Amino acid sequence: LTVSESSKRDILEYCPISPDRVDVIYNAIDNRFNETPAPEQLTSVRERYQLHHRFLLYSGNVKPHKNLERLIDAFARLRQQGSDDVKLLISGSEISRYATLRRAVHRYNLHKHVRFLGFLSTDTLAALYHLADAFVFPSLYEGFGLPPLEAMASGTPVLTSNVSSLPEVVGDAALLIDPHDPESIADGMQQILSDTALRERLIGLGRIRASRFSWESSVRRVLATYRRVSAS
């Protein structure tokens, strides 16, 4: 069992087995991301983090394959292009293990504009999705990629990579960029921030896309696979 066609291709590349012995069963998200946080929760999170400005949000771990150095590079380009009222919030634990990220922030003199929030509870993250102007996820590799779906369910326009499993997961409901090219990432962020029609289209398509993934459906398929295998 694996979580995407992309992961299945990787498995088959390294394991000499028949393709029909690998079932793709998608992940799904926590139902709390499908619900609009209470107004008091949104106000509490906005005040706690002093979010009185437009901001882009990244959520996930901060390991090198998440491509956050290029994201910071792209964010610097975005501000240089005129979007100097936008902040970047990066949520993810173990920031201290990756000093290159903080060095990238200081290299571009962005220490007042890029904030590392560390680990967040699901409720806090759900509120941040709703408050963010866009969700950015320029990962170089994902077996599946839950955060873009969480953002879509929350009504947040999503920018993500055109590689690995991500196009398969987001379909036509996100703006895809080349994660190896900071200029492509910056241009994508600028499009989402400046094009109201694009934002509204991504929000609408994103909610529809996220609704197609459910744990109930995935559990039924897992059970069917076990029954098929046990009967063979």
Side-chain angles (χ1 to χ4, degrees), residues 49-92 94-118 120 125 128-129 131-142 145 147-148 150-152 154 156-167 169-170 172-203 205-206:
Y49 295 103
Q50 293 296 293
L51 302 175
H52 306 302
H53 41 67
R54 296 196 298 168
F55 71 92
L56 302 166
L57 177 67
Y58 165 85
S59 175
N61 68 54
V62 296
K63 294 177 181 178
H65 73 279
K66 296 297 186 178
N67 204 31
L68 297 184
E69 281 191 70
R70 284 197 185 97
L71 174 57
I72 293 168
D73 186 342
F75 181 66
R77 292 170 186 245
L78 175 72
R79 289 181 55 82
Q80 291 164 4
Q81 294 168 2
S83 297
D84 55 3
D85 62 331
V86 181
K87 310 294 184 185
L88 173 62
L89 274 59
I90 296 176
S91 165
E94 299 185 327
I95 292 287
S96 60
R97 292 182 57 189
Y98 302 98
T100 54
L101 297 182
R102 293 197 182 277
R103 285 199 292 269
V105 168
H106 287 283
R107 180 166 66 248
Y108 294 110
N109 197 29
L110 291 173
H111 53 281
K112 293 183 179 180
H113 309 293
V114 177
R115 296 174 59 187
F116 296 103
L117 302 184
L120 299 174
L125 182 57
L128 284 174
Y129 279 135
L131 294 171
D133 288 83
F135 180 71
V136 292
F137 196 75
S139 179
L140 298 173
Y141 180 85
E142 294 294 323
E150 294 172 349
M152 288 178 175
S154 302
T156 310
V158 171
L159 177 147
T160 192
S161 304
N162 61 3
V163 300
S164 191
S165 65
L166 290 164
V169 171
V170 302
D172 63 353
L175 184 61
L176 299 181
I177 48 82
D178 177 359
H180 298 94
D181 181 5
E183 186 172 346
S184 176
I185 302 171
D187 288 347
M189 292 190 291
Q190 181 61 48
Q191 286 184 60
I192 288 183
L193 290 172
S194 62
D195 189 334
T196 302
L198 173 63
R199 287 176 52 79
E200 293 303 315
R201 182 173 68 84
L202 293 178
I203 290 170
L205 291 174

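Since the model is a prediction, treat every value here as computed from it, not as a measurement.
- Residues satisfying the salt bridge (charged side-chain N to carboxylate O under 4.0 Å, His left out) test with Arg54, not counting sequence neighbours, are Asp85.
- With a 4.5 Å cut-off on side-chain heavy atoms, Leu128 and Leu51 count as touching.
- Between Gln190 and Ile192 the shortest side-chain heavy-atom distance does not fall below 4.5 Å.
- Residues passing the side-chain contact (heavy atoms from CB on, under 4.5 Å) test with Ser59 are Ser91, Leu125, Tyr129, Phe135, sequence neighbours excluded.
- Atoms CZ and CG, from Arg97 and Asn61 in turn, are 10.0 Å apart once rounded to the nearest 0.5 Å.
- For the atom pair CG of Leu78 and CG of Leu56, the computed distance is 6.5 Å after rounding to the nearest 0.5 Å.
- Side-chain contact between Ile72 and Leu110: present, with at least one pair of heavy atoms (C-beta onward) separated by less than 4.5 Å.
- Put simply, the side chain of Arg79 never gets that close to the backbone of His113: no donor and acceptor are under 3.5 Å apart.
- What you find for Ser139 and His65 is that their closest heavy atoms are OG-O, 3.5 Å.
- The shortest distance between side-chain heavy atoms of Tyr98 and Glu69 does not fall below 4.5 Å.
- Using a 4.5 Å heavy-atom cutoff, the side chains of Leu88 and Val136 are in contact.
- Partners of Glu150 under the salt bridge (charged side-chain N to carboxylate O under 4.0 Å, His left out) rule, at least two apart in sequence or in another chain, do not exist in this structure.
- Between Ser161 and Pro138, the closest heavy-atom pair is OG-C, 2.9 Å.
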Taking distance alone, no hydrogens or angles, what donor-acceptor pairs closer than 3.5 Å link side-chain atoms of residues 173-180 to residues at least two apart or in another chain?
residue	atom	partner	partner atom	Å
Asp178	OD1	His180	N	2.9
Asp178	OD1	His180	ND1	3.4

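- Annotation: the span from Arg115 atom CZ to Gln50 atom CD amounts to 8.0 Å, rounded to 0.5 Å.
- Note: Thr156 OG1 to Leu202 CG = 11.0 Å, rounded to the nearest 0.5 Å.
- In this structure, Phe116 and Val62 have side chains that are not in contact, with every pair of non-hydrogen atoms separated by 4.5 Å or more.
- Taking 4.5 Å as the limit, every side-chain heavy atom of Val158 sits out of range of all side-chain heavy atoms of Phe137.
- Look at Glu142 and Lys66 and you find a salt bridge, because one of the NZ, NE, NH1 or NH2 atoms lies within 4.0 Å of a carboxylate O, short of that distance.
- The ring pair (Phe, Tyr, Trp, His ring centres under 6.0 Å) search around His53 returns none, not counting sequence neighbours.
- Under the 4.5 Å side-chain criterion, counting only non-hydrogen atoms from C-beta, Ile185 is not in contact with Arg77.
- Here the shortest heavy-atom pairing between Val86 and Phe75 reads O-CZ, 3.2 Å.
- In terms of the salt bridge (charged side-chain N to carboxylate O under 4.0 Å, His left out) criterion, Arg199 has no residue partners (sequence neighbours excluded).
- Listed here is the closest heavy atom pair of Tyr141 and Ser164: CD1-OG, 3.4 Å.
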